[in-house]
Amino acid sequence: MPEGHVVHRQAKEITKLFGQQVLHVDSPQGRFSESAALVTGATLTKATAQGKHLFIGFDNDLHIHVHLGLYGKWAFHSQTPDPVGLIRLRLISDSMTAELRGPNACAIVTNSEKKTLMAKIGPDPIAGNSPKKSREKVLGSSTAIGTLLMDQRLFAGVGNIYRAEVLFRHQVNPFLPGRELDPSYFDAMWEDLRVLMKRGVRTGRIDTVRPEHEPRSMKRAAREDPHGGEVYVYRRDGRECYVCGSEIQIAQLQGRNLFWCPKCQR
DNA sequence: GCCATATGGAAAG
DNA sequence: TTTCCCTATGGCA
């Protein structure tokens with residue numbers, strides 16, 4: 001259940017563990033068997049990420065396109081365990097096995113199909129893409145900034161946690177229409193996402209709380225809600241804001257939980 | 001065992 | 001805006 005930082009991390013991991021190796025690819029669950037046959041025996045060249053999309057490239061010009069969605073997970077083993085549960089896809093080298101469960105998307109694509117998919121994904125702060133077009137669209141939009149931040153054509157890789165946290169860190173109300181956002185705030189939030197998400201690639205966690213705001217109880221709080229990291233507002237509804245003490249609010253926005261501090265983000 | 005929930009997104013209505 | 005898909009897990013009976 002990742003945001004973009006996790007997918008970038010996994011791309012690096014897969015390249016490191018399986019790059020330049022001839023792989024056995026299969027599908028214990030069966031749903032990817034025919035596709036697996038197209039790349040099994042081929043050499044994995046490189047895995048790359050754009051936003052939350054992962055592309056695993058092979059030397060026969062085919063790629064496995066993976067999107068984890070809400071439930072998807074990779075697991076890595078130094079042996080090949082007997083399959084447990086529903087494993088859509090396995091990558092097996094001489095020394096390593098990767099297992100993929102529950103992906104939203106898992107399909108073989110050609111070079112041109114990959115290109116088409118890539119064109120639909122917006123600029124990714126981690127990839128260092130220019131936010132110029134996103135900036136124009138956001139600053140001209142009547143849609144709430146909290147909704148725009150989840151739009152993968154505008155902010156590829158940003159998910160529900162980074163959305164909530166970057167809005168808090170810049171004291172922006174999630175319901176503010178994009179066109180009412182001061183342009184300097186767009187720039188600051190993009191830069192902040194770039195820094196936070198790149199840190200997330202290194203650490204595998206989402207940590208957004210500035211040192212001066214860390215309460216003594218934070219380590220305990222992070223343990224109680226182990227989504228991986230220390231955050232200001234994500235899933236902290238009903239609890240006290242670390243900055244002002246107000247009760248963190250929760251609401252549904254486009255079917256997703258949105259968290260914010262009513263006082264800090266007015 | 002059953003139910004709710006989850007860092008997502010496409011398709012249907 | 002709602003429904004549906006994909007899977008595992010934790011809380012509760």
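Keep in mind that this is a model prediction, so the values were computed, not measured. Order of the sequence lines fixes the chain letters, A, B, ..., with proteins taken first and strands second; residue numbering starts at 1 for each chain.
- Spacing of P atoms, dC4(C) relative to dA4(B), comes out at 16 Å, to the nearest Å.
- For Lys73(A) and dT9(C), the NZ to C1' distance is 8 Å, given to the nearest whole Å.
- Separation of the C1' atoms belonging to dT7(B) and dT1(C) is 22 Å when rounded to the nearest angstrom.
- Ring orientation note: the planes of Phe259(A) and Tyr234(A) are nearly perpendicular, at an angle over 60° on the 30°/60° scale.
- Classification of Arg135(A) and Asp187(A) as a salt-bridged pair holds, one side-chain N sitting under 4.0 Å from a carboxylate O.
- Rounded to a whole angstrom, the distance from the C1' atom of dA10(B) to that of dA8(C) is 22 Å.
- Residue Gln152(A) has no polar side-chain atom (N or O) positioned under 4.0 Å from OP1 or OP2 of dG8(B).
- Taking atom NE2 of His65(A) as the reference point, atom C1' of dC6(C) lies 15 Å away to the nearest angstrom.
- OP1 or OP2 of dC5(C) has not a single side-chain nitrogen or oxygen of Tyr71(A) nearer than 4.0 Å.
- Across dT7(C), dA6(B), dG8(B), the shortest atom-to-atom separation from the side chain of Asn160(A) is found for dG8(B).
- Across all strands shown, Arg88(A) has heavy atoms under 4.0 Å from sugar-phosphate atoms exclusively, and none from any base.
- Under 4.0 angstrom from either OP1 or OP2 of dG8(B) there lies no side-chain N or O belonging to His67(A).
- Rounded to whole angstrom, the span from the CZ atom of Phe155(A) across to the P atom of dG8(B) amounts to 15 Å.
- Taking atom P on both dG9(B) and dT9(C), the two are 22 Å apart, rounded to the nearest angstrom.
- The distance from the CG atom of Asp207(A) to the CD atom of Glu230(A) is 5.5 Å, given to the nearest 0.5 Å.
- The ring of His63(A) has its center no closer than 6.0 angstrom to the ring center of Phe58(A).
- At least one side-chain nitrogen or oxygen of Arg101(A) sits closer than 4.0 Å to the OP1 or OP2 atom of dA8(C).
- Judged by the 6.0 Å distance and 45° axis criteria, Arg236(A) is not positioned over the aromatic ring of Phe168(A).
- At the phosphate of dG9(B), OP1 or OP2 sits under 4.0 Å from a side-chain N or O atom of Lys52(A).
- Spacing between atom CG of Leu258(A) and atom P of dT7(B) amounts to 11 Å, rounded to whole angstrom units.
- Nucleic acid contact class of Arg163(A) (heavy atoms, under 4.0 Å, all strands): none.
- For the pair Met150(A) CE and dG9(B) P, the interatomic distance rounds to 7 Å; values are reported in whole Å.
- Contact annotation: Arg256(A) reaches the phosphate of dT7(B) (side-chain N/O to OP1 or OP2, under 4.0 Å).
- Distance CZ (Arg153(A)) to C1' (dG9(B)): 11 Å, rounded to an integer number of Å.
- Contact annotation: side chain of Asn104(A) to base of dG9(B), donor-acceptor pair absent below 3.5 Å.
- The interatomic distance linking Leu253(A) (CG) with dT7(B) (C1') rounds to 16 Å, in whole Å.
- Backbone-only contact: Gln29(A) has heavy atoms under 4.0 Å from sugar-phosphate atoms and none from a base.
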**Study point:** Stepwise salt bridge (charged side-chain N to carboxylate O under 4.0 Å, His left out) check, Glu99(A) with Arg101(A)
**Key:** CA-CA 7 Å; Glu99(A) 300 172 330; Arg101(A) 291 177 171 80; 3.2 Å; yes
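- The distance between atom CG of Leu149(A) and atom P of dG9(B), rounded to the nearest whole Å, is 13 Å.
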